[in-house]
Amino acid sequence: MAVTKLNAVICIIGLYLQIIAATAQLSTNHYFATCPKALFTIKTGVLTAVLKERRMAASLLRLHFHDCFVNGCDASVLLDDTSSFTGEKTARPNINSLRGFEVIDSIKSQLETTCPGVVSCADILAVAARDSVVALGGPFWAVQLGRRDSTTASLDAANTDIPSPVMDVSDLISAFSNKGFSAKDMVALSGAHTIGHARCTVFRNRIYNETNIFASFATSLQTNCPSDSGDDNLSPIDAISPLSFDNGYFKSLINNKGLMHSDQQLYGSGASTDSQVTAYGNNPAAFLSDFAAAMVKMGNLSPLTGTSGQIRTNCRSVN
Ligand code: HEM
Ligand SMILES: *[C@@H]1O[C@H](CO)[C@@H](O)[C@H](O)[C@H]1NC(C)=O
C-alpha cells in the first residue's frame with residue numbers, strides 16, 4: 001500500500017516537472033487544449049487577405065523575419081509608437097516598407113473573441129508566415145508555438161540587426177551569423193525573396209550603376225524607377241515568378257537578374273554561396289526543404305516563454 005502511494009506521489013511529481021519543462025519551451029500543440037481553433041482562424045485570415053492581394057503573403061512573411069531578428073520572435077515589430085513609447089516601425093528597414101499589420105489585427109481580434117488572452121501576437125506572426133508561404137505554393141512546416149509577447153521594443157536593434165540591401169555577401173553572412181545562422185541558412189532564408197516586391201529606392205543604385213546586372217533587365221527596370229524620382233515604385237524581387245513560392249529567385253540570380261545589390265551578392269561575387277545558388281536553381285525541392293528547416297530555426301530565436309512577457313490583447317500595444 002505504502003509503496004503504491006509513494007509511486008503515485010513520484011508519478012505526480014514527475015508529471016508536474018514535465019509540465020514545468022513544457023511551459024519553458026515551444027511545442028507544436030501549444031493551443032491544442034486552450035484554443036483548438038487557433039490555427040484554423042489564422043489560416044483563414046491569411047487566405048482571405050492573400051486572395052484579395054497575393055503580395056500580402058510576402059508582406060506577412062517579412063513581418064515575421066523583422067520580428068525575429070530584433071531581440072527574438074516576440075512581436076516587438078507590431079508595437080505602435082506613442083508619445084511615451086518608441087517602437088520599431090520607424091527603423092530604417094521598416095519605415096514606409098513593412099505592411100500587413102491590419103491583417104494581423106483582424107486575426108488577433110477574432111482570436112480574442114474565441115479564446116481571450118490565449119494566443120500571442122508572436123505566434124500569430126509565425127503561423128501567418130508559414131500559411132503565407134503555403135498559400136503561394138511553398139513548403140509546409142509544423143510551427144513551434146508558445147511564444148509570448150514583449151513589453152518592449154528596440155528601435156536601435158531594428159536598425160542594426162536587420163540586414164541592409166546594400167550589404168556585400170561577407171556582411172550578409174555576418175548579419176545572419178550574429179543570430180546563429182550559417183551562410184547556408186542565410187542563402188536558404190534569402191529565398192524568401194522569391195515572392196514580393198521592393199521599392200525603387202532600394203535598388204536604384206544597382207540598376208543605374210552596377211555592372212553585374214543583365215543589361216536589358218536593368219534598362220527595363222529603369223522605366224519604372226527613374227534616376228531622380230519614383231522612390232516608392234515597386235518591382236518584383238524575383239523577376240521570373242514573384243507570385244509563386246518556387247526557386248525562381250535563384251534562377252534570376254544565376255542570370256544576373258537579382259533586383260537588389262544584396263540579392264546579386266549571393267551569386268557571382270566570387271563567394272562560396274555560388275554553388276548553393278546553383279544547386280537551388282537546379283533543384284527546387286532542395287531549396288523548399290532547406291527553407292522550411294531554416295524557418296523553424298528562425299522562429300526559435302529567443303522566444304519569451306513561461307512567465308516572461310505577456311499575451312497582448314491588442315498586438316499594437318502592451319496590456
Ligand atoms: C539576406 C538579407 C536580406 C536583406 C538585405 C533584405 C532586404 C529586403 C528589402 C530591402 C526589401 C524591400 C523593402 C522595400 O522595398 O520596402 C525586402 C523585401 C522582402 N523581404 Fe527581405 N531581406 C533579406 C532577407 C529576408 C528574409 C530572411 C526574409 C524572410 C524569411 C525576407 C523576406 C522578404 C519579403 C517576403 C519581401 C517582400 C515584401 C513585400 O512585398 O511586402 N527577406 N527585403
Ligand atoms: C551612381 O553612382 C554615383 C557615384 O557613387 C552616385 O553619385 C549616383 O547617385 C548613382 N546613381 C544612382 C541613380 O543611384
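Order of appearance sets the numbers: ligands from 1, and atoms from 1 within every ligand.
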Novice: Taking 4.0 angstrom as the limit and counting only heavy atoms of L189, give me the atoms of ligand 1 inside it, by number and element.
Specialist: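 Per the distance check, 26 (C), 27 (C), 30 (C).
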Novice: Nearest 0.5 Å please: distance from the CG atom of L60 over to the CG atom of L98.
Specialist: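 If I round to the nearest 0.5 Å, the distance is 11.0 Å.
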Novice: Taking all non-hydrogen atoms of both residues, which atom of M56 and which atom of R99 are closest, and how far apart?
Specialist: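 Shortest heavy-atom contact: CE-NH1, 4.1 Å.
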Novice: Atom OG of S76 and atom CD of E88: how far apart are they, to the nearest 0.5 Å?
Specialist: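 The OG atom of S76 sits 3.5 Å away from the CD atom of E88.
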Novice: Say you draw a straight line from SG of C115 to OH of Y31; how long is it, rounded to the nearest 0.5 Å?
Specialist: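 Rounded to the nearest 0.5 Å, the SG-OH separation comes to 9.5 Å.
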Novice: Under 4.0 Å and counting heavy atoms only, is there anything from the protein next to atom 2 (O) of ligand 2?
Specialist: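 Yes, there is one.
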Novice: Going by the side chain to side chain donor-acceptor pair (under 3.5 Å) test, which pairs reach into residues 191-217, not counting sequence neighbours?
Specialist: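 For residues 191-217, and leaving out neighbouring residues, the side chain to side chain donor-acceptor pair (under 3.5 Å) pairs sorted by first residue read H193-D263, T194-D238, T194-D246, R204-D231, N205-N209, R206-E210, R206-N212, R206-Q264, E210-H261.
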Novice: With side chain to side chain contact (heavy atoms under 4.5 Å, CB included) as the test, would you mind laying out the steps for M295 and R130 before giving the verdict?
Specialist: CA-CA 8 Å; M295 285 298 291; R130 189 272 315 274; over 6 Å; no
Novice: Which part of S97 is near ligand 1, with near meaning a heavy atom under 4.0 Å away: side chain, backbone, both or neither?
Specialist: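 It is both parts that get close, each with some atom under 4.0 Å.
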Novice: For atom 14 (O) of ligand 2, is some protein heavy-atom partner under 4.0 Å away?
Specialist: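 It does; a protein heavy atom is within 4.0 Å.
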Novice: Below 4.0 Å from ligand 1: does a non-hydrogen atom of F203 turn up there or not?
Specialist: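 Distance cut 4.0 Å: F203 fails for ligand 1.
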Novice: Please work out whether any backbone atom (N, CA, C, O) or any side-chain heavy atom from C-beta onward of H64 is under 4.0 Å from ligand 1, and answer side chain, backbone, both or neither.
Specialist: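 H64 to ligand 1: no contact under 4.0 Å from either part.
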Novice: Under 30°, 30 to 60°, or over 60°: which ring-plane class applies to F181 and F69, parallel, tilted or perpendicular?
Specialist: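 It falls in the parallel class, under 30°.
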Novice: Output every pair passing ring pair (Phe, Tyr, Trp, His ring centres under 6.0 Å) with a member in residues 225-248, not counting sequence neighbours, ordered by first then second residue.
Specialist: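 The answer is F245-F287, F245-F291.
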Novice: Would you say atom 10 (C) of ligand 2 touches the protein, meaning some protein heavy atom is under 4.0 Å from it?
Specialist: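 Under the 4.0 Å cut-off, atom 10 (C) of ligand 2 does have protein heavy-atom neighbours.
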Novice: Hey, is P93 touching ligand 1 through its side chain, its backbone, both or neither, going by heavy atoms under 4.0 Å?
Specialist: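 Answer for P93: neither.
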Novice: Considering all heavy atoms of both residues, which atom of V277 and which atom of L266 are nearest to each other, and what is their separation?
Specialist: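 Result for this residue pair: CG2-O, 3.4 Å.
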Novice: Starting from atom 41 (O) of ligand 1, find the nearest protein heavy-atom neighbour and note its residue, name and distance.
Specialist: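 Going by distance alone, atom 41 (O) of ligand 1 is nearest to S59 OG, 2.7 Å.
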Novice: Numbering the atoms of ligand 1 from 1, which are under 4.0 Å from a heavy atom of H197?
Specialist: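 Per the distance check, 37 (C), 39 (C), 40 (O).
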Novice: Around atom 21 (Fe) of ligand 1, how many protein N, O or S atoms are there at under 2.8 Å?
Specialist: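 Considering protein N, O and S only, atom 21 (Fe) of ligand 1 has 1 within range.
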Novice: Are the charged groups of D161 and K179 less than 4.0 angstrom apart, N to O?
Specialist: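 Counted as a salt bridge, because a side-chain N and a carboxylate O are separated by less than 4.0 Å.
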Novice: Starting from atom 2 (C) of ligand 1, which protein heavy atom do you reach first, and at what distance in Å?
Specialist: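 That would be P163 CG, 3.5 Å.
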Novice: Got a sec: does the CZ of F214 have more than 12 other heavy atoms crowding it under 6.0 Å?
Specialist: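 Open.
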Novice: Output the list of atoms in ligand 2 that are nearer than 4.0 Å to some heavy atom of N205, sorted by atom number.
Specialist: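 Checking each atom against N205, I get 1 (C), 2 (O), 10 (C), 14 (O).
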Novice: Which pair of non-hydrogen atoms, one from L172 and one from M167, has the smallest distance, and what is that distance?
Specialist: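 What the structure gives for the nearest pair is CD2-CB, 3.8 Å.
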Novice: Out of curiosity, C73 SG to N300 CG, how far, rounded to the nearest 0.5 Å?
Specialist: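 Reported value, rounded in 0.5 Å steps: 7.5 Å.
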Novice: Working to the nearest 0.5 angstrom, can you tell me the gap between N314 CG and D80 CG?
Specialist: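 Answer rounded to 0.5 Å: 8.0 Å.
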Novice: Just jot down the ligand 1 atoms closer than 4.0 angstrom to any heavy atom of R55, in number order.
Specialist: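 Answer, ordered by atom number: 39 (C), 40 (O), 41 (O).
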Novice: So is there a nitrogen or oxygen of N209 less than 3.5 Å from a nitrogen or oxygen in ligand 2?
Specialist: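 Yes, since at least one N or O of N209 sits under 3.5 Å from an N or O of ligand 2.
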Novice: How long is the gap from NZ on K257 to OH on Y249, to the nearest 0.5 Å?
Specialist: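 Between K257 NZ and Y249 OH, I get 15.5 Å after rounding to 0.5 Å.
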Novice: Just jot down the ligand 2 atoms closer than 4.0 angstrom to any heavy atom of R204, in number order.
Specialist: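 Reading through ligand 2 atom by atom, the close ones are 13 (C).
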Novice: If the contact criterion is a heavy-atom separation under 4.0 Å, does M167 count as touching ligand 1?
Specialist: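 It does not; every heavy atom stays at 4.0 Å or beyond.
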Novice: May I ask whether atom 7 (O) of ligand 2 is less than 4.0 Å from at least one protein heavy atom?
Specialist: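 Under 4.0 Å from atom 7 (O) of ligand 2, zero protein heavy atoms found.
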Novice: Any nitrogen or oxygen of S164 lying under 3.5 Å from a nitrogen or oxygen in ligand 1? Just yes or no.
Specialist: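 No.
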Novice: List the steps, then state whether side chain to side chain contact (heavy atoms under 4.5 Å, CB included) holds for V50 with D131.
Specialist: CA-CA 10 Å; V50 172; D131 291 343; over 6 Å; no
Novice: Give the residue and atom name of whichever protein heavy atom lies nearest to atom 15 (O) of ligand 1, and the separation in Å to one decimal.
Specialist: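 Residue, atom and distance for the closest contact: R199 N, 2.7 Å.
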Novice: Among Ile, Leu, Val, Met, Phe, Trp and Tyr joined by side-chain contacts under 4.5 Å, find the other residues sharing a cluster with V134 and list them by chain and number.
Specialist: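 Reading the cluster by chain and number, V134 sits alongside F140.
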Novice: Give the atoms of ligand 2, by number and element, whose distance to some non-hydrogen atom of Y208 is under 4.0 Å.
Specialist: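 Numbered from 1, ligand 2 contributes 13 (C).
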Novice: With nothing but distance in play, are any N or O atoms of S262 less than 3.5 Å from an N or O of ligand 1?
Specialist: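 No - when backbone and side-chain N and O of S262 are compared with those of ligand 1, no distance drops under 3.5 Å.
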Novice: Got the closest protein heavy atom to atom 35 (C) of ligand 1, with its distance?
Specialist: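 Checked against all protein heavy atoms, atom 35 (C) of ligand 1 sits closest to A58 O, 3.1 Å.
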